[in-house]
Number of protein chains: 2
Amino acid sequence: MFNFKQPFNFASAMSKTELTEKQLAIMETAEKLIADNGYDGTSIRDIAHAADVNVAMISYYFGSKEKLLQAIFERRTEYWRTNLESLIEDKSVGSFEKIYKLIDNYVEKIFNQTCFHRIMAQQQMTNEDSPIKDLILETKKGNQELIKRLIQSGQKKGDFKKNVDTALMMTTMMGTINQLLTTQHHYKVLNNLQDLSEEEFQKQIKKKLSTHLKAIFKAILQNEE
Amino acid sequence: MFNFKQPFNFASAMSKTELTEKQLAIMETAEKLIADNGYDGTSIRDIAHAADVNVAMISYYFGSKEKLLQAIFERRTEYWRTNLESLIEDKSVGSFEKIYKLIDNYVEKIFNQTCFHRIMAQQQMTNEDSPIKDLILETKKGNQELIKRLIQSGQKKGDFKKNVDTALMMTTMMGTINQLLTTQHHYKVLNNLQDLSEEEFQKQIKKKLSTHLKAIFKAILQNEE
DNA sequence: TAAAATTAAACAAACGTTTAATTGAGATTG
DNA sequence: CAATCTCAATTAAACGTTTGTTTAATTTTA
């Protein structure tokens with residue numbers, strides 16, 4: 001007899017289904033590998049082997065290599081804004097306190113997802129347009145809009161200087177964090193911290209970075225009249 | 001008759017020869033392409049086509065794709081330190097003036113070689129050891145040592161604070177510059193500057209960036225006793 | 001027993017590199 | 001001065017791998 005059975009295609013059937021354990025395992029393995037070796041430097045076979053699944057499973061679940069990356073981005077960018085919104089509205093928190101909390105929030109979030117943010121830094125560098133770059137730009141636009149409002153409210157209260165270049169300020173924050181993220185090893189070597197355990201080093205660097213950024217933001221924002 | 005003629009191998013014959021026009025053309029084309037699409041995202045055929053030479057010429061001149069990248073790095077890192085040395089020794093220049101000159105120097109150099117520095121930023125991100133990463137680390141080590149001396153001399157004169165984290169300070173400088181370099185387009189969009197000519201934009205951004213960094217460094221370094 | 005998950009194998013295209021043959025310009029020769 | 005020789009420069013074609021993706025068959029699950 002003939003067999004008319006159609007092959008099932010998961011990728012095209014998946015619209016907003018929950019992610020299975022296996023899909024998550026693939027995504028997290030891919031995150032680590034791509035962060036280390038770059039998107040083009042990581043093959044589907046590398047990922048499949050490290051995640052201990054068949055090569056075909058990646059196309060089966062995600063459709064393609066690029067869509068896998070997109071899935072990673074969608075997962076990680078989902079919960080960015082939410083708690084920023086509430087911070088801005090909170091009337092019981094002072095202007096500088098808000099900024100400080102913002103910094104802690106960024107540092108904490110980024111250092112809790114180092115692999116993903118290293119990938120984001122990579123992707124920002126490429127010069128081709130892509131859905132992912134659009135996603136990054138939209139996220140950034142939203143964030144910067146929120147922060148602009150935060151600063152404007154501080155200016156109205158007389159706490160902050162006028163004429164603050166928000167974009168340049170955010171560039172310094174993201175730039176400093178990214179630079180530290182991508183050159184952690186250099187930082188370790190240059191400061192003779194190789195003996196520290198990875199965990200201890202992360203803890204120290206997060207604290208130092210936070211303090212450092214707060215001092216910078218204070219200097220940029222503080223009204224000295 | 002038999003032909004015993006050995007093929008000439010340029011790559012292994014070249015030790016410290018001057019670069020020909022053609023080699024320079026290849027290197028500069030490669031710089032642009034790799035900056036835009038990444039090292040693994042750029043094929044030898046892409047480079048050869050853009051530089052209008054045969055694919056084999058690249059292996060012929062440089063030996064391999066990786067050695068081409070190395071040649072680019074050697075060309076660009078050659079003249080980094082020289083004029084920093086003299087700046088530090090100069091007794092007629094004040095502590096802050098020296099720092100400001102240092103900043104201008106970095107901004108100017110990096111923005112005059114944007115493609116190369118975008119490649120450098122890419123390479124710093126990868127997690128594999130390579131001769132190129134070693135070269136970057138050595139250059140950084142040397143620079144940081146010089147800057148440490150610059151700061152220590154300012155501290156002795158009582159101009160600068162004690163307990164300055166030089167590495168973190170440099171991280172902020174390089175991070176801010178790199179971030180701006182890699183997200184110039186985002187910066188343009190986020191600040192509605194799309195109408196400016198590229199040249200005018202570069203000029204403006206260099207000036208703004210310089211001022212911005214000087215303000216930050218002043219805040220970090222200034223002794224307030 | 002039907003649908004979904006998983007597999008090994010195959011696919012064409014692109015990759016970095018090498019080969020072997022040809023071209024071209026300058027030196028050497030008759 | 002023309003002919004010859006020499007060797008670097010240049011070429012098209014081929015090399016063996018690796019790439020992302022698809023196929024068709026098999027196993028698992030319910």
Side-chain angles (χ1 to χ4, degrees), chain A residues 1-15 17-27 29-30 33-34 37-72 128 130-132, chain B residues 1-15 17-27 29-30 33-34 37-72 128 130-132:
Chain A
M1 285 291 288
F2 298 109
N3 185 356
F4 288 113
K5 189 170 53 172
Q6 286 283 60
F8 180 76
N9 186 326
F10 193 99
S12 61
M14 172 181 67
S15 54
T17 1
E18 289 301 303
L19 294 166
T20 68
E21 269 183 58
K22 207 155 210 169
Q23 290 175 75
L24 270 174
I26 292 171
M27 285 165 77
T29 310
L33 288 178
I34 295 174
N37 312 330
Y39 176 76
D40 289 308
T42 309
S43 75
I44 288 228
R45 281 173 180 80
D46 290 339
I47 297 168
H49 182 257
D52 203 26
V53 297
N54 190 281
V55 233
M57 294 307 289
I58 290 172
S59 299
Y60 178 70
Y61 275 132
F62 299 96
S64 70
K65 188 187 179 186
E66 202 178 343
K67 280 182 188 158
L68 166 61
L69 187 63
Q70 251 176 276
I72 291 171
E128 24 170 347
S130 70
I132 286 167
Chain B
M1 284 293 286
F2 297 109
N3 187 357
F4 288 112
K5 188 169 57 171
Q6 287 282 57
F8 180 76
N9 186 327
F10 193 99
S12 60
M14 173 181 67
S15 55
T17 1
E18 288 301 303
L19 295 165
T20 68
E21 270 183 59
K22 208 155 212 169
Q23 291 175 74
L24 271 174
I26 293 172
M27 286 166 77
T29 309
L33 288 178
I34 295 174
N37 313 335
Y39 177 75
D40 289 308
T42 309
S43 75
I44 288 231
R45 281 173 180 81
D46 291 339
I47 298 169
H49 182 257
D52 202 28
V53 298
N54 190 281
V55 235
M57 293 308 289
I58 290 171
S59 298
Y60 177 72
Y61 275 131
F62 299 97
S64 70
K65 189 187 178 186
E66 203 178 342
K67 279 182 190 159
L68 166 60
L69 187 63
Q70 251 177 274
I72 292 171
E128 25 169 346
S130 69
I132 286 167

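Each chain gets a letter, A, B and so on, in the order its sequence line appears, and its residues count up from 1. Excluded from the calculations below are hydrogen atoms, water molecules and symmetry mates; all remaining heavy atoms, backbone and side chain alike, are included.
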> Would you mind writing out the side-chain donor-acceptor pairs for residues 52-59 of chain A within the sub-3.5 Å range, not counting sequence neighbours?
residue : atom : partner : partner atom : Å
A:N54   : OD1  : A:A56   : N            : 2.9

> Quick one: side chain to side chain contact (heavy atoms under 4.5 Å, CB included) partners of B:D40, sequence neighbours excluded?
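So B:D40 forms a side chain to side chain contact (heavy atoms under 4.5 Å, CB included) with A:D40.
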
> Atom CE of B:M57 and atom C1' of D:dA12: how far apart are they, to the nearest Å?
14 Å

> What is the distance from CD1 of A:I34 to P of D:dT19, rounded to the nearest Å?
14 Å

> Rounding to an integer number of Å, can you tell me how far A:H49 NE2 sits from D:dG20 C1'?
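Atom-to-atom, A:H49 to D:dG20, this comes out as 18 Å.
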
> Just by protein heavy atoms under 4.0 Å, how would nucleotides 10-19 of chain C read 5' to 3' in B, S and -?
B----BBBB-

> Rounded to whole angstrom units, what separation is found between the CD atom of A:E21 and the C1' atom of C:dA5?
15 Å

> Quick one: A:L33 CG to D:dG20 P, roughly how many Å, whole number?
12 Å

> Does any N or O in the side chain of A:Y39 come within less than 3.5 Å of the main-chain N or O of A:E66, such that one atom is a donor and the other an acceptor?
yes

> Applying side-chain hydrogen bond (donor to acceptor under 3.5 Å, both in side chains), can you list everything that pairs with A:T20, at least two apart in sequence or on another chain?
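If we apply the side-chain hydrogen bond (donor to acceptor under 3.5 Å, both in side chains) test to A:T20, skipping adjacent residues, the hits are A:Q23.
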
> With sequence neighbours left out, what residues match B:S130 under side-chain hydrogen bond (donor to acceptor under 3.5 Å, both in side chains)?
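So B:S130 forms no side-chain hydrogen bond (donor to acceptor under 3.5 Å, both in side chains) with any residue.
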
> List the residues meeting side-chain hydrogen bond (donor to acceptor under 3.5 Å, both in side chains) with B:S64, not counting sequence neighbours, and say none if there are none.
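Result, side-chain hydrogen bond (donor to acceptor under 3.5 Å, both in side chains) vs B:S64: none returned.
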
> To the nearest Å, how far apart are B:Q23 CD and D:dT10 P?
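After rounding, the reported distance stands at 10 Å.
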
